[in-house]
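Please read all numbers here as calculations on a predicted model, not as lab measurements. Protein chains get the first letters and strands the later ones, always in sequence-line order, with residue 1 at the start of each.
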Number of protein chains: 2
Amino acid sequence: MPPKPSVSKLVPKVPGMPGVTGASRRQQYSASTKRALVDVAEELFTDLGYAAASLDSIVAGARVTKGALYHHFSGKQALFEAVFERVEADASRAIQKALKGKKDPWEKALAGLQAFLAVVQEPRYRRIVIQEGPSVLGYERFREQEERSTFANVLEIVRAVLNAGTWELEEEMLQTFARIFFGAMSSAGESVSSADDPIAAAERVETAIAFILQGFQVLAADGVPLPGATPEAD
Amino acid sequence: MPPKPSVSKLVPKVPGMPGVTGASRRQQYSASTKRALVDVAEELFTDLGYAAASLDSIVAGARVTKGALYHHFSGKQALFEAVFERVEADASRAIQKALKGKKDPWEKALAGLQAFLAVVQEPRYRRIVIQEGPSVLGYERFREQEERSTFANVLEIVRAVLNAGTWELEEEMLQTFARIFFGAMSSAGESVSSADDPIAAAERVETAIAFILQGFQVLAADGVPLPGATPEAD
DNA sequence: TCTGGGTACGTACTCACGGTATGTGAGCAC
DNA sequence: GTGCTCACATACCGTGAGTACGTACCCAGA
């Protein structure tokens, strides 16, 4: 319990909620105002979108004022970026977790795909990362962020799968394939989340991508070189 | 209410040499104010983005006032939608044109892919459709628009390619494959347009996608059924 | 214990921008 | 020429991002 000053004025009370004390948020969590702002912002950005979520409503939800917000963030966009990074980081961690322990590249790929499809269906990921991200951050910054988190996972998986055989791909070609798969999975994931039957849709996506990967295997077995590959002793 | 028998037309009087300054835009192009607004809006939305392009600057560029704008459009978003639809329609036409005359599905696919990669590199398409579209229109409306134009082209190509062999795919599975390829091409296209060497990057993408399609062919030759395919007499 | 500076806010304001309400001249219809 | 509508123009309003500045609190050092 922090030392109680004689009078705390301007306490934003919740009207009609006698159970909630009038103590200011600052007194309760003075150290975590920033987190409270990000929490509320994440919710409002998810529900309303960037433009429609006003700073007034965000600071009201966090029970602070705009002064506090501008103390911690340089502006609305910076607040959004904080939210964006957290959502991306969470998504990346979820995928990493799914990959954990899988040793076989194909198993890894399947687990990663499933985790990715799950993430893409989260409302906050869809809204904040996919829908608003490019517009608010600008395409360059959006791409940078993506590169460091979710895309990195896809790249890792693709690398594992494509290098599993007798190929040793050029880095640029590998990046190209990763881009292609990343886009394929994103788009497919979005279609899954807006499908009438998401479970069936997810299965179709998994089947389709597995089929594509199977094509890779067969080509490898037939000795067809991957484009941009340098032959490797087997 | 009786139907209007005549169409009111404003004939530009233009008594002599129309000076560039002075005369109101209404007198010169009163019938095409709407198009002028869309033209200017397209340019400003492309250069500045949706939020940063103010209506004041748009109406100033079109040499009208906000009253005129709100006479033709219900608001800023409606104006954006008009721009969006035109850009999408142009893109779709460009792809259709590239497909024209190609009979062989593989040839068709390659031409379509190249046209798509070209479209994705246009600044207005990148900014208005890819970057701002989902955010401004909302995901649902964005998806709808896409479905009717660019995606429809991809679907057509994928249908031609996948049905070329001995398969007859279920419609849903076909849609899934089309989604996957659409996403792959979008993502790849974006990476192409932001690459240091777009030409080389485009070649890599074409190579990679051709390789994937080759996998389909080989699997078909090996008699591996496409998932969701009903066998067909050959 | 006093004091000075820094931190973490709160308050009150400005300004730009989207949207609206209303005014107005030009051109038919009769 | 009178009245109506269309195609705008102008003036205004509300909202919301961002800013200037004040202030309570905390800690360090004298």
Indicate, with a heavy-atom threshold strictly under 4.0 Å, whether A:Gly67 touches base, sugar-phosphate, or nothing. base

Checking all strands, does A:Ala53 fall into the base, sugar-phosphate, or nothing category for heavy-atom contacts under 4.0 angstrom? sugar-phosphate

For B:Arg35 and D:dA7, give me the distance from atom CZ to atom P, rounded to whole Å. 18 Å

Could you tell me whether the phosphate oxygens of D:dA7, OP1 or OP2, come under 4.0 Å of any side-chain nitrogen or oxygen in B:His72? no

Please check if the side chain of A:Thr176 supplies one atom and the backbone of B:Val205 the other of a donor-acceptor pair under 3.5 Å. no

Of the options D:dA17, C:dG18, D:dA9, whose atoms approach the side-chain atoms of B:Val64 most closely? D:dA9

Of the listed nucleotides (D:dG18, D:dC8, C:dG19), which one gets closest to any side-chain atom of A:Leu55? D:dG18

Between B:Leu44 (CG) and C:dC17 (P), how many Å, whole number? 12 Å

With respect to A:Phe84, which candidate in A:Gln77, A:Gln145, A:Glu132, A:Glu42 satisfies the side chain to side chain contact (heavy atoms under 4.5 Å, CB included) definition? A:Gln145

Quick one: is D:dC8 close enough that its OP1 or OP2 comes under 4.0 Å of any side-chain N or O from B:Thr33? yes

Between D:dG16, C:dT11, D:dG18, spot the one nearest the side chain of A:Ser54, thanks. D:dG16

Using a 6.0 Å cut-off, check whether atom CD of A:Glu147 has over 12 heavy atoms from anything other than its own residue. yes

Which nucleotide sits closest to the side chain of B:Tyr70: D:dT10, C:dG19, D:dT19? C:dG19

Nearest heavy atom decides the nucleotide; on that basis, is A:Asp56 or B:His71 closer to the 5' end of DNA chain D? B:His71

Measure the distance from CG on A:Leu69 to C1' on D:dT19 and round it to the nearest whole Å. 13 Å

Between C1' of D:dG16 and CD of A:Gln77, the distance in whole Å: 16 Å

Does NZ or CZ of B:Arg124 lie under 6.0 Å from the centre of the six-membered ring of B:Phe45, at an angle within 45° of the ring axis? no

Just how far, in rounded Å, is C1' of D:dT19 from NZ of A:Lys66? 9 Å

Candidate nucleotides C:dG10, D:dG18, D:dA9, ranked by approach to the side chain of B:Thr65 - the nearest: D:dA9

Measure from NZ on B:Lys76 to C1' on C:dT20 and round the result to the nearest Å. 17 Å

Report, as yes or no, whether the 6.0 Å neighbourhood of atom CD on A:Glu85 holds more than 12 heavy atoms from other residues, nucleotides or ligands. yes

Between CZ of A:Phe73 and C1' of C:dA8 the distance, given in whole Å, is 14 Å

Round to a whole Å and report the spacing from CG of B:Leu48 to P of C:dC17. 11 Å

